[in-house]
Amino acid sequence: MNDILNSPKLDKNFYVRNVVKVAKDLLGKTFVRRIKGKTLAATIVEVEAYDADDEASHSFNGRSQRNNVMFEEGGLLYVYFIYGVHFCCNVVTGKADHGSAVLIRAIEPLNHFDFLAKNRFGTTKITEKGKINLTNGPAKLCQALQIMRADNGADLLGDKIYILDAPKLKKNQIIQTTRIGITKSKELPWRFYIKNNPFVSKR
DNA sequence: ATCAAGATTACCT
DNA sequence: GGTAATCTTGATA
């Protein structure tokens, strides 16, 4: 655990690359959220890439008030509100004005389970199944980590939300497939997840 | 001005 | 498996 938290932050160069490569490389890295004096840590286990010339991407029709952060240089957090109910968070990638990001779809918590459970269910008493349910979806993990509108545009090189390096996964531990919940560009194989990880949202 | 769709989730049958 | 929840955006009038 201490080894994990003592790893270096991913740097600017990591984020300013092709979005599909960044997506794949984010698997296994440690997502950190500092809030209320706590340092919440979780392993990234499922992601999706959204690129500029990708019909399913929020950036496809150009810059707008909502997707503005996606067009910044890589290394920021893009948070959006969806279905009038949920927040989802993305890691902005690529050069300035490009418009690409990686949706974080699922994480595996490493600490502070009571705090996450309180945020999700209003109680610290949870079953084994409830534990899986803490962060096995893009809106669930935002609720658990208290990521919301105010966090849109957060600097991932700052000290509130950031990602730590971790050993690169082997090729055979990564599954590549099509994305979930979209109607356009469904055929692009831009979803990645860690094989056999119980926190992955859907097989 | 009105309307439909949306990178989801929880709860129902 | 179906659908309500309920805000924001972009299209059409």
Side-chain angles (χ1 to χ4, degrees), chain A residues 15 18-24 26-27 31 42 44-72 74 76-94 98-109 116-123 125-154 156 161 163 175-194 198-203:
Chain A
Y15 298 109
N18 171 272
V19 65
V20 177
K21 287 189 175 129
V22 175
K24 196 191 300 188
L26 277 173
L27 290 179
F31 192 92
I44 299 173
V45 302
E46 180 184 354
V47 296
E48 286 176 1
Y50 288 86
D51 207 352
D53 56 354
D54 160 15
E55 278 199 280
S57 173
H58 289 173
S59 60
F60 184 71
N61 289 310
R63 203 188 271 251
S64 69
Q65 192 174 343
R66 176 211 216 188
N67 65 23
N68 194 36
V69 174
M70 276 187 87
F71 289 86
E72 298 288 318
L76 301 185
L77 197 72
Y78 165 50
V79 179
Y80 65 88
F81 189 54
I82 189 72
Y83 298 116
V85 188
H86 304 296
F87 291 103
C88 296
C89 76
N90 301 250
V91 170
V92 176
T93 66
H98 181 71
S100 59
V102 177
L103 172 68
I104 308 295
R105 284 197 57 91
I107 58 179
E108 175 169 357
L116 303 182
K118 198 89 198 274
N119 291 336
R120 286 274 294 130
F121 310 120
T123 174
K125 290 188 186 173
I126 51 168
T127 60
E128 272 306 301
K129 194 181 170 192
K131 190 174 161 184
I132 294 292
N133 246 325
L134 287 172
T135 55
N136 63 342
K140 296 179 188 179
L141 69 92
C142 284
Q143 190 182 13
L145 300 182
Q146 289 191 19
I147 291 172
M148 52 202 87
R149 202 182 307 275
D151 300 302
N152 188 35
L156 295 176
I161 300 175
I163 304 175
I175 306 288
Q176 175 170 16
T177 179
T178 52
R179 296 173 293 181
I180 291 181
I182 54 172
T183 55
K184 300 171 211 157
S185 300
K186 283 164 117 118
E187 71 289 349
L188 293 174
W190 285 356
R191 173 170 176 245
F192 300 91
Y193 63 88
I194 298 180
F199 286 85
V200 168
S201 66
K202 221 177 148 200
R203 298 296 304 261

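All heavy atoms count here, side chains included; hydrogens, waters and symmetry mates do not. Numbered from 1 within each chain, the chains take letters A, B, ... in sequence-line order.
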Along nucleotides 4-13 of chain B, 5' to 3', which nucleotides get a B, which get an S, and which get a -, given that the test is a protein heavy-atom distance under 4.0 Å?
--BBBSS---
Nucleotide-level pairing of DNA chain C, given in dot-bracket where Watson-Crick and G-U pairs need both distances under 3.5 Å and | marks other strands
|||||.||||||.
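Taking A:Glu108 as the reference, nothing meets the salt bridge (Lys or Arg N to Asp or Glu O under 4.0 Å) condition, with sequence neighbours excluded. Among residues two or more places apart in sequence or in another chain, the ring-ring contact (aromatic ring centres under 6.0 Å, His included) test is passed with A:Phe81 by A:Phe87.
Within a 6.0 Å radius of CD in A:Glu187, more than 12 heavy atoms belonging to other residues, nucleotides or ligands are found.
Counting heavy atoms from C-beta outward, A:Asp51 and A:Val20 have side chains that stay 4.5 Å or more apart. Proximity of A:Tyr193 to A:Ser201: side-chain heavy atoms (C-beta onward) are nowhere separated by under 4.5 Å.
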Distance-only donor-acceptor hits, side chain of residues 132-143 of chain A, under 3.5 Å, sequence neighbours excluded:
unit_1, atom_1, unit_2, atom_2, d
A:Asn133, OD1, A:Lys140, NZ, 2.9
A:Thr135, OG1, A:Ile107, O, 2.6
A:Asn136, OD1, A:Lys140, NZ, 3.0
A:Gln143, OE1, A:Arg120, NH1, 2.7

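A pairwise comparison of heavy atoms in A:Val79 and A:Asn152 identifies N-OD1, 2.9 Å as the closest pair.
Counting only distance, with no hydrogens or angles, the side chain of A:Asn67 and the backbone of A:His58 share a donor-acceptor pair below 3.5 Å. At least one donor-acceptor pair under 3.5 Å links the side chain of A:Ser100 to the backbone N or O of A:Thr93.
A 4.0 Å heavy-atom criterion places the boundary nucleotides of DNA chain C facing chain A at C:dA5 to C:dG10, written 5' to 3'.
Just one of A:Lys202, A:Lys24, A:Arg179, A:Arg105 meets the salt bridge (Lys or Arg N to Asp or Glu O under 4.0 Å) condition when paired with A:Glu48; it is A:Arg105.
When the P atom is compared between B:dA7 and C:dG1, the two are found 22 Å apart, to the nearest whole Å.
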